[in-house]
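Each chain gets a letter, A, B and so on, in the order the sequences are listed, and its residues count up from 1.
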Amino acid sequence: MRYSKYFIPTYKETPSEAEVISHKLMLRAGMIRKLTSGIYTYLPLGLRSIRKVENIIREEMDRSGAIEVLMPAVQPAELWQESGRWEAYGRELLRFKDRHNREACFGPTHEEVITDLVRKEIHSYRQMPINFYQIQTKFRDEIRPRFGVMRCREFIMKDAYSFDVDEAAADKSYDVMHQTYSNIFRRCGLKFRAVEADTGSIGGSFSHEFMVLADTGEDEIVFCKKCSYAANLEKAEVKPVEDPGASSAEKAKPLEEVPTPDIKTIEELTAFLSVSADQIVKTLIFSSDGNAVAALIRGDHEVNETKLKNLLGAEQLELAGPELVAHVTGAPIGFAGPVELRVKIIADYAIKGMKNMITGANKQDMHLKNVNIGRDFSVDKFADLRMITPADPCPRCRGPLDFKRGIEVGHVFKLGTKYSKAMHAVYLDEHGEEKLIFMGCYGIGVGRTVAAAIEQNNDRDGIIFPITIAPFEVVILPLQMQNSNVGQVSEELYRSLSDKGVDVLLDDRDIRAGIKFKDADLLGTPVRITIGARTLKEAKVEMKLRSQTQTIFIPVSEAPGFIADKVRELHDSIK
RNA sequence: CGGGGCGUGGCGCAGUCUGGUAGCGCACCUGCUUUGGGAGCAGGGUGUCGGAGGUUCAAAUCCUCUCGCCCCGACCA
């Protein structure tokens, strides 16, 4: 490609709307432009990167035996009503009506559509296993789009759906996808980890997220330093302490009311009563599908709402507002306690061994001391309700834990029969018996993968693309376009590299060298060839890798072969 | 939806408090010089100051309403 005939509108200055590095660089390098909040145009350079990721995905998905299809973006409400998600999915689902007043939505995901297809077309165990995938534009009406293409409303996603005869076969399909995803992200040049995750609104029984490690990531993940355990923080289990320790030996003291004027937070309370946070129990009132529930958490712990939501089987779970808290406890927020509380009480395992705890008194400006389970109140259920902390051991091997941030680029779900049951997708087995199909679903955010790669590979001059997803593999910078020798050598090199199948960008603009260098660095093309009158006197051209600082000189005659080899070598280093 | 901030030429911003008829840098166009890391000089074009209404002799500036965008939070792949 010739720069002068192409379209790469770069910015010297950072647009003020961008916050994270990948967003800034994608705007500056002329990869994307925003149309409106959370909706972006991919400019030629951005599209090239997207296509490279898509091609890697296609190759690996095809290799895994999956079959490509393309489903509609617009979906009828009936399908969603059938699966129950028309109600469950919430405001994130973009709904609208057509001219006949029929309800529809813009697909945020395609379980319903594919299940509908499969129930019509797949009838025999002989037709499975089968896995359909597509690469397509999705729309999710995010509450707050941000970070450019990383968390946007309209985005390109690869989604795949596997169909199997039983759970064991579905597990196999899941494992194949897990492996396929690892191959894909490795080939994209990413440092990533697969972690255990919650299934969210997609549903199902089990899932892994593929996380690209980056400080700007929106998710927090926890790893074991000893074993292979890794999980999203919202999923990470906390094992109950087997030995409650010294506190259980303590004698129960008489219940005591203490005035705590205007003391509402744990910090204020620890300071006011000169106690440590782990002697306090906080009582959080939640509204679970409209019903009040109390969650008891030790003062120094944080509640994990995902765990609570799953435990309660709730569709909607939110922290109660002032009215509900007042209604349930008879006191303003900050003074709730379990004693004489008339709602369901779920307590974290960490509460179990506690004696003489401090809790709210369900009276304004009052707390209770020496509260004891059994004597003063009873717990409906003990469970793992809290966020794991660096002080906790690994739930698998009890080893020490490490915490990092990550960007979710892929997610694999074991769905089981959730959709096949709701939508009656069945097959006949070898005995002529009708059975439910077992499903799995597998997503990759394509644009987000590009952004994550940039997030992970950049310096102050710009992007440093892994060669596998770089818009161009090589950029040629002829420094003096009016020098006929420079022009001629550049043209010849450009042609011969193109003929060898290398993606080359020839910066044939008649501008100063400095601008070409700056742009080349910004765009992040892995291999840079500089051709100037100076080195041409010795019949040499320069090669520099974007990821390295040293420059090497190559005889003009050997350049095409040498550079093509280098490109191949860079590709091989990523495989 | 709650809290905060911002809308002034293509981009980044000043000017708003204290009203007086719009400015700076970059980019862009022309010419000359320059030419290996975002050039220099000279000349030039560019704005219904987000929109609507109001106050005023006069509004980018003050008031009311409205739209959009960004950040934090709740939410989410």
In whole Å, what separates the [atom1] atom of [N] from that of [M]?
N      : M      : atom1 : value
B:rC62 : B:rU16 : C1'   : 10 Å
B:rG23 : B:rU8  : C1'   : 10 Å
B:rC32 : B:rC49 : C1'   : 36 Å
B:rC26 : B:rG73 : P     : 38 Å
B:rC29 : B:rG10 : C1'   : 14 Å
B:rU48 : B:rC1  : C1'   : 35 Å
B:rG3  : B:rG9  : C1'   : 33 Å
B:rU18 : B:rA77 : P     : 50 Å

Name the nucleic acid region contacted by [X], choosing base, sugar-phosphate or nothing; use a 4.0 angstrom heavy-atom cut-off, strictly under.
X        : answer
A:Arg144 : base
A:Glu408 : sugar-phosphate
A:Lys34  : sugar-phosphate
A:Glu142 : base
A:Thr14  : sugar-phosphate
A:Gly443 : nothing

**Message:** For B:rG36 and A:Thr530 - does any side-chain N or O of the residue sit under 4.0 Å from the phosphate oxygens OP1/OP2?
**Reply:** no
**Message:** I'd like to check A:Met150 versus A:His23 (side-chain heavy atoms, cut-off strictly below 4.5 Å). Are they in contact?
**Reply:** no
Atom [atom1] of [X] and atom [atom2] of [N]: how far apart are they, to the nearest Å?
X        : N      : atom1 : atom2 : result
A:His23  : B:rC11 : NE2   : P     : 14 Å
A:Arg140 : B:rC75 : CZ    : C1'   : 14 Å
A:Glu305 : B:rA74 : CD    : C1'   : 9 Å
A:Leu27  : B:rG10 : CG    : P     : 17 Å
A:Arg91  : B:rA77 : CZ    : P     : 12 Å
A:Gln482 : B:rG36 : CD    : C1'   : 13 Å
A:Ile511 : B:rU35 : CD1   : P     : 16 Å
A:Tyr89  : B:rA77 : OH    : P     : 7 Å

**Request:** Could you encode protein contacts along nucleotides 37-44 of chain B as a string, one character per nucleotide from 5' to 3', using B for base contact, S for sugar-phosphate-only contact and - for no contact, with a heavy-atom cut-off of under 4.0 Å?
**Result:** BBB-----
Watson-Crick or G-U counterpart of [N], or none if no pair lies under 3.5 Å:
N      : answer
B:rU18 : none
B:rG68 : B:rC6
B:rA74 : none
B:rA58 : none
B:rC28 : B:rG44
B:rA39 : B:rU33

Do any N or O atoms from the side chain of [X] and from the backbone of [Y] form a donor-acceptor pair under 3.5 angstrom?
X        : Y        : result
A:Tyr11  : A:Lys24  : no
A:Lys544 : A:Gln548 : yes
A:Thr535 : A:Lys540 : yes
A:Gln456 : A:Lys191 : yes

**Item:** Derivation of the side chain to side chain contact (heavy atoms under 4.5 Å, CB included) call for A:Leu523 and A:Leu505
**Value:** CA-CA 11 Å; A:Leu523 305 194; A:Leu505 178 65; 4.2 Å; yes
**5'-most by nearest nucleotide on RNA chain B - A:Thr36 or A:Thr551** = A:Thr551
Side chain of [X] only, heavy atoms from C-beta on: which candidate in [options] is closest?
X        : options                : answer
A:Glu13  : B:rG25, B:rC72, B:rG36 : B:rG25
A:Gln480 : B:rA74, B:rG25, B:rU35 : B:rU35
A:Arg534 : B:rG36, B:rC13, B:rA77 : B:rG36

**Prompt:** Which atoms form the tightest heavy-atom contact between A:Cys441 and A:Glu111, and what is the distance?
**Reply:** SG-OE2, 3.2 Å
**Item:** Taking every non-hydrogen atom, the tightest pair across A:Gln136 and A:Met71
**Value:** NE2-O, 2.8 Å
**Prompt:** With a 3.5 Å cut-off and no angle check, do the side chains of A:Gln179 and A:Asp175 form a donor-acceptor pair?
**Reply:** no
**Message:** Quick check for you: to the nearest 0.5 Å, what is the distance between A:Ser37 atom OG and A:Arg146 atom CZ?
**Reply:** 11.0 Å
**Message:** With a 3.5 Å cut-off and heavy atoms only, can you find an N or O donor on one side and an acceptor on the other between the side chain of A:Glu542 and the base of B:rG36?
**Reply:** yes
